[in-house]
Amino acid sequence: MRFSGLRVLREGLTGNRGWTAQWRDPEPQAEYDAVIIGGGGHGLSTAYYLAKNHGMTNIAVLEKGYLGGGNVGRNTTVVRGNYFLPGNSEFYSHSLKLWEGLSEELNYNVMFSQRGVITLFHSDAQRDASARRGNAMINQGDDAELLDGEGLRKLLPYLDYDNGRFPIHGGLLHRRGGTARHDAVAWGYARGADQRGVDLIQQCEVTGIDIENGRVRGVQTTRGAIRAKKVAIVTAGRSAQVAAMAGMRLPIESHVLQAFVSEGLKPVIDHVISFGMGHFYISQSDKGGLVFGGDLDFYASYAQRGNLPMMEHVMEAGMTLMPMIGKARVLRSWGGIMDMTPDGSPIIDKTETEGLFVDCGWCYGGFKAVPASGYALAHLMATGQPHETAAGFRLDRFRSGEGLMDEEATGSQHNLH
């Protein structure tokens, strides 16, 4: 079924009885050419691009729960391409370009809203750093505008510009950045992959990875053994646990990152605002809720839930930036399991086991990377060569020290990225 405005109108007038299931619910086959472990945004996009770009359709995506039930549905939906250093900048620039055509590509409205991302600065030194980042973005082929205090007030008059600790001097505006609907992204890729013959198998937990003579042979699951010539681990915060089934120890720490949403309010925040000194970021959803988040919990955990100390910290940062939100009521919070690498950059690479691939370590960049991550991993799995935009995301950089990427200049500490 293709979507169109006419189809939506027709279904609305006939009781919405004509909609069909968006993807099949197949039984797992005994063997596939490739198996992707993880039915989140990255796993589903990998399957889609394997089928679309490389003609590989005998593929299964295995998800232990339901599609989109992990980090792709547990984030603040921000999409941006305002990275600075080589290695990351070209990758996220590519991802942003894919985002811009994604709804048309999938014939599925992912609700990508290019409302603009504004990163605040609070000193002369931060202004100079913002100017340098903006120039790097422009050289990369993306957009950036440096706003002084007066220019920023015209866009964001409701901020506390005279805060005693962090007075706001201006901001770096990235107009092509914005937000998307996280579950729609997962559903769109799932639908697109299914239409090309990919089996999406839910409630199918991988319990083991079969390796023989240094080569992957398949996986063991709660729904039986599945043979495969190629297996990709695309399980975000659970990557280290799944890799351990193959005898691997990944350079990953899993931390909890909380997010929050308020009651629905009239439109007031037109952009995505990033308050780096308070580590607070906020936007407003199409339903009116204020969507915001802050720091990691700063201890390793696999819990997909929040806690009160970090909630208090995030609320304090929000009140510092814009006291007006103090009267808004918080509806709910959630936690995503963040797979943090020592240098703050991801891994898309082969492993020492032939036919086994990993896609992990996305730190804060996982949602915005969904299109380019799947594109690059599919290219690697199909051709055996890294995609040019992901050539630096090597696994062995953590063993050798060569090619480490410290995107935020915070050193080699997982939780600081």
For Ser254 and Asp339, run side chain to side chain donor-acceptor pair (under 3.5 Å): C-alpha distance rounded to whole Å, both residues' side-chain angles, the deciding distance at 0.1 Å, then the answer.
CA-CA 5 Å; Ser254 295; Asp339 43 328; over 6 Å; no

Would you check if the distance from the ring center of Phe121 to the ring center of Phe275 is below 6.0 Å?
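No, the ring of Phe121 stays outside the 6.0 Å limit from the ring of Phe275, centre to centre.
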
Is it true that [X] and [Y] have a side-chain N and a carboxylate O under 4.0 angstrom from each other?
| X | Y | answer |
| --- | --- | --- |
| Arg196 | Asp194 | no |
| Glu402 | Arg397 | no |
| Glu90 | Lys97 | no |

Examine the side chains of [X] and [Y] and answer whether a donor and an acceptor come within less than 3.5 Å of each other.
| X | Y | result |
| --- | --- | --- |
| Asp142 | Ser93 | yes |
| Arg223 | Thr221 | no |
| Asp297 | Asn307 | yes |
| Asp210 | Gln220 | yes |
| Arg215 | Asn213 | no |
| Glu63 | Gln203 | no |

Shortest non-hydrogen contact from [X] toward [Y]:
| X | Y | answer |
| --- | --- | --- |
| Ser89 | Gln140 | OG-OE1, 3.4 Å |
| Ala246 | Ile209 | CB-CD1, 4.0 Å |
| Asp199 | Gln29 | OD2-NE2, 3.2 Å |
| Ile337 | Ala303 | CG1-O, 4.4 Å |
| Gly178 | Val272 | O-CG2, 4.0 Å |
| Trp99 | Val110 | CZ3-CG2, 4.4 Å |

Would the distance check show the side chain of [X] and the main-chain N or O of [Y] forming a donor-acceptor pair, the cut-off being under 3.5 Å?
| X | Y | answer |
| --- | --- | --- |
| His271 | Ser283 | no |
| Thr76 | Val78 | no |
| Arg305 | Gly335 | no |
| Asn71 | Gly336 | no |
| Arg2 | Arg7 | no |
| Arg17 | Thr14 | yes |
| Thr222 | Cys204 | no |
| Lys230 | Met381 | yes |
| Thr57 | Ala51 | no |
| Arg176 | Gly116 | no |

Only pairs under 3.5 Å count here: list side-chain donor-acceptor contacts from residues 33-48, not counting sequence neighbours, and write none if there are none.
residue, atom, partner, partner atom, Å
His42, ND1, Ser373, OG, 2.7
His42, NE2, Gly366, O, 2.8
Ser45, OG, Gly41, O, 3.0
Ser45, OG, His42, O, 3.1
Ser45, OG, Val370, O, 3.0
Ser45, OG, Gly374, N, 3.4
Thr46, OG1, His42, O, 2.7
Tyr48, OH, Glu105, OE2, 2.5

Between His94 and Tyr375, is the ring pair (Phe, Tyr, Trp, His ring centres under 6.0 Å) condition met? List the steps.
CA-CA 10 Å; His94 178 228; Tyr375 200 101; 4.9 Å; yes

Test side chain to side chain contact (heavy atoms under 4.5 Å, CB included) applied to Ile348 and Thr389, Leu395, Val234, Asp359, the passing residue:
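Only one option passes, and that is Asp359.
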
Crowding at [atom1], [X] (>12 non-hydrogen neighbours, <6.0 Å):
| X | atom1 | result |
| --- | --- | --- |
| Arg132 | CZ | no |
| Gln22 | CD | yes |
| Tyr302 | OH | yes |

For Tyr92 and Phe84, run ring pair (Phe, Tyr, Trp, His ring centres under 6.0 Å): C-alpha distance rounded to whole Å, both residues' side-chain angles, the deciding distance at 0.1 Å, then the answer.
CA-CA 10 Å; Tyr92 286 99; Phe84 175 45; over 10 Å; no

Check the pair Gln114 / Glu100 against side chain to side chain contact (heavy atoms under 4.5 Å, CB included), numbers first and verdict last.
CA-CA 9 Å; Gln114 291 180 285; Glu100 290 175 321; 2.8 Å; yes

Please walk me through it: do Arg175 and Asp143 pass salt bridge (Lys or Arg N to Asp or Glu O under 4.0 Å)?
CA-CA 7 Å; Arg175 290 189 185 273; Asp143 68 293; over 6 Å; no

Under the criterion side chain to side chain contact (heavy atoms under 4.5 Å, CB included), I'd like the reasoning laid out for Met319 against Leu321: C-alpha separation, chi angles, the key distance, then a yes or no.
CA-CA 5 Å; Met319 288 291 292; Leu321 179 64; over 6 Å; no

So Thr119 and Ser130, side chain to side chain contact (heavy atoms under 4.5 Å, CB included) or not? Walk me through it.
CA-CA 8 Å; Thr119 305; Ser130 295; 5.7 Å; no

Would a 4.5 Å heavy-atom cut-off, applied to side chains only, mark Ile273 and Tyr281 as touching?
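SC-SC contact between Ile273 and Tyr281 ruled out.
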
Could you check if a side-chain atom of Tyr364 sits within less than 4.5 angstrom of a side-chain atom of Met338, using non-hydrogen atoms only?
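Tyr364 vs Met338: side chains touch.
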
Only pairs at least two apart or in different chains count here, so list each ring-ring contact (aromatic ring centres under 6.0 Å, His included) that has a residue in residues 246-266.
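Pairs touching residues 246-266 that pass the test: Phe260-Phe292.
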
Could you pull out all residues at least two apart from Phe3 that satisfy ring pair (Phe, Tyr, Trp, His ring centres under 6.0 Å)?
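With sequence neighbours excluded, Phe3 shows a ring pair (Phe, Tyr, Trp, His ring centres under 6.0 Å) to Trp19, Tyr108, given in chain and number order.
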
Apply ring pair (Phe, Tyr, Trp, His ring centres under 6.0 Å) to His313 and His279, showing your working.
CA-CA 10 Å; His313 170 77; His279 210 132; 8.1 Å; no

Full working for side chain to side chain contact (heavy atoms under 4.5 Å, CB included) between Phe357 and Ile233:
CA-CA 6 Å; Phe357 303 82; Ile233 299 171; over 6 Å; no

